[in-house]
Amino acid sequence: MQLLKITDKDFSVKFQTLVSDRREATVDVSGTVREILADVKGRGDAAVKDYTSRFDRYNPQSLHLSETFIAEQAAQCSADVKAALELAAERITAFHQKHLPQDIGYTDAVGVKLGLNWVALSQVGIYVPGGRASYPSSLLMNALPAKIAGVERIVMTVPMPGGEINPAVLAAAQVAGVTEIYGIGGAQAIAALAYGTESIAPVDKIVGPGNAYVAEAKRQVFGTVGIDSIAGPSEILVVADSQNNPDWIAWDLLSQAEHDPSAQSILITDSEIFAQQVIKAVEKILVDLPTTEVASASWQNYAAVILVSDLAQSIPLLNQLAPEHVELCTDNPQQLANQIKCAGSVFLGRYTPEAIGDYLGGPNHVLPTARSARFASGLSVYDFLKRITYLECDLQALQTIGKAAVTLAEAEGLPAHAGSVSIRLQ
């Protein structure tokens with residue numbers, strides 16, 4: 001765990017090292033993934049079953065999970081969890097419904113008709129992790145925006161190690177209305193969704209997080225299908241003053257550290273005393289935390305505490321780090337939030353822990369990582385929509401703007417372009 005002070009002479013060097021630190025897995029899995037993709041593309045279901053048996057110790061007769069199996073497993077989900085999933089779905093749906101864009105259509109001053117229509121993707125594949133942890137919340141975050149956008153076919157793949165599955169995942173599928181589910185994971189699942197097999201029709205886009213093999217598979221099939229992003233390890237940056245309870249902030253930092261040994265938790269504060277209180281609180285919590293092995297590795301190897309003279313200095317640092325999650329634990333969080341340009345999602349005030357956003361706040365928890373918040377946004381309805389533009393000229397409109405088009409075509413050395421316009425002007 002690094003402690004950086006903005007007043008130190010070498011702060012800039014240390015901070016730039018922190019910014020540029022790559023926490024992704026250093027093991028190159030591209031060759032293995034390439035072989036798996038090619039095998040599934042060539043042998044279809046047989047290859048998928050072979051890899052499922054090898055990696056998940058599971059030998060299904062059918063890759064497709066039957067409605068009976070889904071219902072039986074989902075029924076094992078406790079009533080409290082089912083109610084929480086339904087509340088989460090209501091809140092996620094309400095927020096994402098407000099994203100639905102409007103079509104555009106108008107006639108300009110010279111009589112040209114222009115338009116833009118939003119069209120939903122036809123079929124989408126959702127990868128739901130089932131390795132280190134299973135996340136029914138991720139299923140809701142991926143499936144509900146697709147459903148709201150109007151996607152007709154939503155396909156889900158989820159690994160079932162040893163043939164077992166978390167009932168809450170299938171309960172979440174029921175809540176989200178996902179009925180086409182396959183008990184497969186890894187690169188073989190991505191291959192099946194991208195290329196199709198005898199029993200799995202291919203999709204147009206694949207979304208959802210996964211391990212290094214899943215991420216690399218998504219990278220390699222991009223172009224054949226669309227993807228949401230290449231997800232990296234989780235990140236949280238907390239900006240907090242000394243008026244906070246250090247235990248609260250410690251729990252917030254560990255909420256992301258427990259995701260992955262390569263996750264990163266950063267605290268920026270203007271109080272060295274408070275910083276030390278938070279550090280001690282983290283160390284105390286880690287002693288009995290059930291996920292301490294993972295969280296401790298993350299905290300020891302990648303965490304940082306940055307001391308600034310004034311919290312206003314946190315904003316340029318934050319924008320350079322471009323973190324996935326930002327908590328602003330201050331009295332006037334909106335004042336700082338208005339200056340943020342690079343972040344996945346921002347949580348305002350002392351009573352808005354990031355974990356609320358992970359489950360049922362409303363905004364999506366599928367967010368840009370590894371500084372991609374500099375150019376990318378979180379998953380939304382827009383990720384499941386396409387834009388199609390329209391243009392219509394009558395003779396008078398073409399006569400008004402056509403000569404300029406001919407001039408530009410000739411300037412680019414494209415005579416057929418020029419001819420297709422000029423012949424209509426004769």
Side-chain angles (χ1 to χ4, degrees), residues 32-33 36-37 39-77 81-82 85 123-144 146-147 151 153-203 205-218 221 225 227 231:
T32 302
V33 168
I36 293 173
L37 295 181
D39 194 16
V40 172
K41 189 175 183 180
R43 295 199 297 129
D45 282 350
V48 174
K49 289 180 178 180
D50 285 348
Y51 290 117
T52 300
S53 174
R54 184 192 310 179
F55 299 135
D56 291 333
R57 309 171 309 282
Y58 173 48
N59 296 286
Q61 290 186 343
S62 172
L63 302 176
H64 184 264
L65 303 187
S66 68
E67 292 184 10
T68 301
F69 178 83
I70 294 171
E72 290 176 348
Q73 293 295 313
Q76 298 178 30
C77 182
V81 172
K82 186 71 177 292
L85 288 170
Q123 41 200 358
V124 167
I126 297 174
Y127 187 93
V128 179
R132 186 183 300 277
S134 58
Y135 298 113
S137 57
S138 285
L139 194 163
L140 297 181
M141 294 289 181
N142 283 276
L144 292 173
K147 185 177 180 181
V151 177
R153 176 175 173 248
I154 301 175
V155 187
M156 169 182 150
T157 64
V158 55
M160 295 175 56
E164 297 182 355
I165 190 168
N166 182 351
V169 169
L170 295 183
Q174 287 185 328
V175 170
V178 179
T179 57
E180 189 176 340
I181 305 174
Y182 299 90
I184 56 175
Q188 61 271 23
I190 302 300
L193 291 172
Y195 305 128
T197 69
E198 296 89 335
S199 61
I200 306 174
V203 300
K205 188 171 187 174
I206 301 172
V207 300
N211 61 19
Y213 292 88
V214 171
E216 179 60 28
K218 287 171 67 177
V221 300
V225 294
I227 62 172

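Keep in mind the model is a prediction, meaning the values are calculated, not measured. Values below: every heavy atom of this structure, side chains too, minus hydrogens, waters and symmetry copies.
A pairwise comparison of heavy atoms in Lys218 and Gly208 identifies NZ-O, 2.8 Å as the closest pair. Shortest non-hydrogen contact noted between Ala171 and Lys82 is CB-CD, 4.0 Å. Minimum heavy-atom separation, Val81 to Ala168: CG1-CB, 4.1 Å. In this structure, Leu85 and Pro136 approach most closely via the heavy-atom pair CD2-CB, 4.1 Å. Closest non-hydrogen pair, Leu140 versus Ala176, comes out as CD2-CB, 4.1 Å. Nearest heavy atom pair, residue Pro209 against residue Pro129, reads O-CG, 3.4 Å.
Counting only heavy atoms from C-beta outward, the side chains of Leu65 and Met160 approach each other to under 4.5 Å. Here the side chains of Leu63 and Lys49 are in contact, with some heavy-atom distance below 4.5 Å.
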Using residues 182-192 as the side-chain source, report each donor-acceptor pair under 3.5 Å to any protein atom, sequence neighbours left out, with the distance given to one decimal.
residue : atom : partner : partner atom : Å
Tyr182  : OH   : Glu180  : OE2          : 2.8
Tyr182  : OH   : Ser199  : O            : 3.3
Gln188  : NE2  : Gly185  : O            : 2.9

Using residues 67-74 as the side-chain source, report each donor-acceptor pair under 3.5 Å to any protein atom, sequence neighbours left out, with the distance given to one decimal.
none

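Panel note: side chain Lys41, backbone Ala194; no donor-acceptor pair is recorded below 3.5 Å.
With sequence neighbours excluded, the residues that form a salt bridge (charged side-chain N to carboxylate O under 4.0 Å, His left out) with Asp39 are Arg43.
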request  = Step by step, work out the side-chain contact (heavy atoms from CB on, under 4.5 Å) result for Tyr213 and Glu216.
outcome  = CA-CA 5 Å; Tyr213 292 88; Glu216 179 60 28; 5.9 Å; no

ask   = Given Val169 and Met156, is the side-chain contact (heavy atoms from CB on, under 4.5 Å) satisfied, shown in steps?
value = CA-CA 11 Å; Val169 169; Met156 169 182 150; 3.4 Å; yes

task = Apply side-chain contact (heavy atoms from CB on, under 4.5 Å) to the pair Val207 and Ile126, showing each step before the final yes or no.
result = CA-CA 5 Å; Val207 300; Ile126 297 174; 3.9 Å; yes

request  = Run the numbers on Ile154 and Lys147 for side-chain contact (heavy atoms from CB on, under 4.5 Å), then give the verdict.
outcome  = CA-CA 8 Å; Ile154 301 175; Lys147 185 177 180 181; 4.1 Å; yes

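Exactly one of Leu139, Ile227, Val214 qualifies for a side-chain contact (heavy atoms from CB on, under 4.5 Å) with Tyr127. That residue is Val214.
Here the straight-line distance linking atom CD of Gln123 with atom CG of Leu193 works out to 10.5 Å at 0.5 Å rounding. Tyr58 contributes atom OH, which lies 8.5 Å from atom CD1 of Ile165 (distance to the nearest 0.5 angstrom).
Within 6.0 Å of CD on Glu198 lie more than 12 heavy atoms contributed by other residues, nucleotides or ligands.
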